[in-house]
Each structure stands twice: as structure tokens, then as C-alpha cells.
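This report concerns only the one structure given below.
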Amino acid sequence: MSQAAIQTQTRADEAFDCLQTAIVMGDLAPGEKIGEVELCSRFNLTRGPLREALGRLESRGLLVRRPHAGVKVVSVSTEELMELYRIREVMEGLAARQAAERMTDEEISDLQATLDAHEKMIEEAQGQAYYQAEGDYDFHYRIATGCRNTKLAQMLLGDLYYMVRMYRYRLSTSTGRPHRALGEHRRIVEAIAQRDGELAEFLMKRHINAARRNFEKKVQEGVLTI
């Protein structure tokens, strides 16, 4: 690959990371219509890398393209989002059980260190947000990969993963939620470290159920809109 091609690909990766973060953090809101000219100006991007980034975001289900309507950030109804959380509750509960059986001691120690980093980040945000970057820095991603169940990981880390990340961050900005969520994460990892799959599954299901109920409450109160 030529140097020019490498630079173009790098710019496309940067554009993709920039826009995906903007979607996850709500700077590009669910249902928002977006145009290339506006995005180039707003995020200091060029057309070629932007178009490649938009295609990748569309393939991840974060953008939708409609005839005569252009491109929009994906959005779901409250009912659909609650169903997604119910699906996660069951699937991630199983992933936590299997992670307790299959993660190595080194992986568990590394995950505990990651939670320490999360705690520092929450403190820096003065307890107002809990943002987890995609991949190994994401607690739920690490559990999905650590379960050593290829099919389950594929389902958890496909479109479902990217869709839920959009809304998970918005929920994390609720007062008190970042610290509670981190505490719940720590208890799940403690169960995994103890090789107690039944407890890990129970705690993960309770964690996601609590997030769903909190989200539902905030929507009903009008604090959050979908």
C-alpha cells in the first residue's frame, strides 16, 4: 500500500472514531439528520474519509439511509430499547457465568485494573459520567470476550453492542449512577474471581435490570428522551 493510501485510510479511521464517539456521547443525537457538508465543517473532516466513515457507521447500524430522506442517526422507541435491555439481561448474564468458568487469572486481574482506571475517570468527571471507550476498555466487552463462547460473543458484540452504547452513556450521566454502576461492575468481577458462575450471572442480570428500570424511569419523568 502506498504512503498516500495509508494516510487516506488513517484519516478515514480518525473520521470514523470521531463520528462514532459523537453518536455514543449524544453530540449527534438519535434520529438527527446529517449531511456531508455540515459534518465536514463541524468536525473538520474531508469528504473522502468522511464518506468511508459513514459507510462503516451504517454497516454497524448506527446510521440509516432512507430514499429521499438522506442519512440519519439510528433511533429506537422506548419499547424497543427496553426489549434490547431484556435481551442483554439474559445474554450477558450467561456471559458472566461462563466468564467465571473460563477467564484466566491474568485476564481477571487486568479487568480489575481497568475498573480502577474507570474509577479515576469517574472522579475526574466529578461523578457525572461513566464513559467507556469501545473494546478492551469497556467492561461489558471484556465479559463478552472473556466468556470464550464465540456465538454468544458475536451476538453481544454485533449491532446490539453498538446500539446499546448509544444509550448507555446517556444513562450514565444520571446523578449517582456512575458510582453505582462501577460498584456493580466490581461485585460482578469479584464473583468471577471467586469462580462463582451462578453469582456472577445473578449480579450481571440484576445490574442490567437496574439500568433498564432506571432508564425507563428517566424517560417517564421526561428527564431523558429517546
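Quick caveat, the model's predicted, so the values are computed rather than measured.
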Glu89 bridged to Arg86 by N-O distance under 4.0 Å = no
query = For the hydrophobic clusters of this structure (ILVMFWY residues joined by side-chain heavy atoms under 4.5 Å, transitively), does one cluster hold both Leu182 and Tyr137?
reply = yes
message = Would you say the rings of His118 and His179 are close, in the sense that their centroids are separated by under 6.0 Å?
response = no
ask   = From Glu101 CD over to Cys147 SG, what is the distance, rounded to the nearest 0.5 angstrom?
value = 10.0 Å
Cationic N near anionic O, under 4.0 Å, Arg65 to Glu58 = yes
Pair His207 + Phe202: ring centers closer than 6.0 Å = no
message = Does this structure show an ion pair linking Arg42 with Asp27, if we count only N-O contacts that are shorter than 4.0 Å?
response = no
key: Salt bridge Glu36-Arg51, side-chain N to carboxylate O under 4.0 Å   = yes
inquiry  = If you compare all heavy atoms of Met163 against all heavy atoms of Gly61, which two are closest, and at what distance to 0.1 Å?
reply    = CE-O, 4.3 Å
inquiry  = Between Arg148 and Glu107, does any NZ, NE, NH1 or NH2 come within less than 4.0 Å of an OD or OE carboxylate oxygen?
reply    = yes
inquiry  = Can you tell me how far apart CZ (Arg206) and CD (Glu201) are? Round to the nearest 0.5 Å.
reply    = 13.5 Å
query = Is the closest side-chain heavy-atom distance between Phe215 and Leu81 below 4.5 Å?
reply = yes
key: Pair Arg212 + Glu216: basic N to acidic O under 4.0 Å   = yes
message = Under 4.0 Å between a side-chain nitrogen and a carboxylate oxygen: does that hold for Arg47 and Glu52?
response = no
key: Met103 CE to Thr145 OG1 distance, which is reported to the nearest 0.5 Å   = 6.5 Å
ask   = Is Arg186 paired with Glu119 through a side-chain N to carboxylate O contact shorter than 4.0 Å?
value = yes
inquiry  = Taking the side chain as everything from C-beta on, heavy atoms only, tell me whether Met166 gets closer than 4.5 Å to Leu62.
reply    = yes
key: Glu106 atom CD: more than 12 heavy-atom contacts under 6.0 Å   = no
ask   = Is any NZ, NE, NH1 or NH2 atom of the basic residue among Arg56 and Asp17 found under 4.0 Å from an Asp or Glu carboxylate oxygen of the other?
value = no
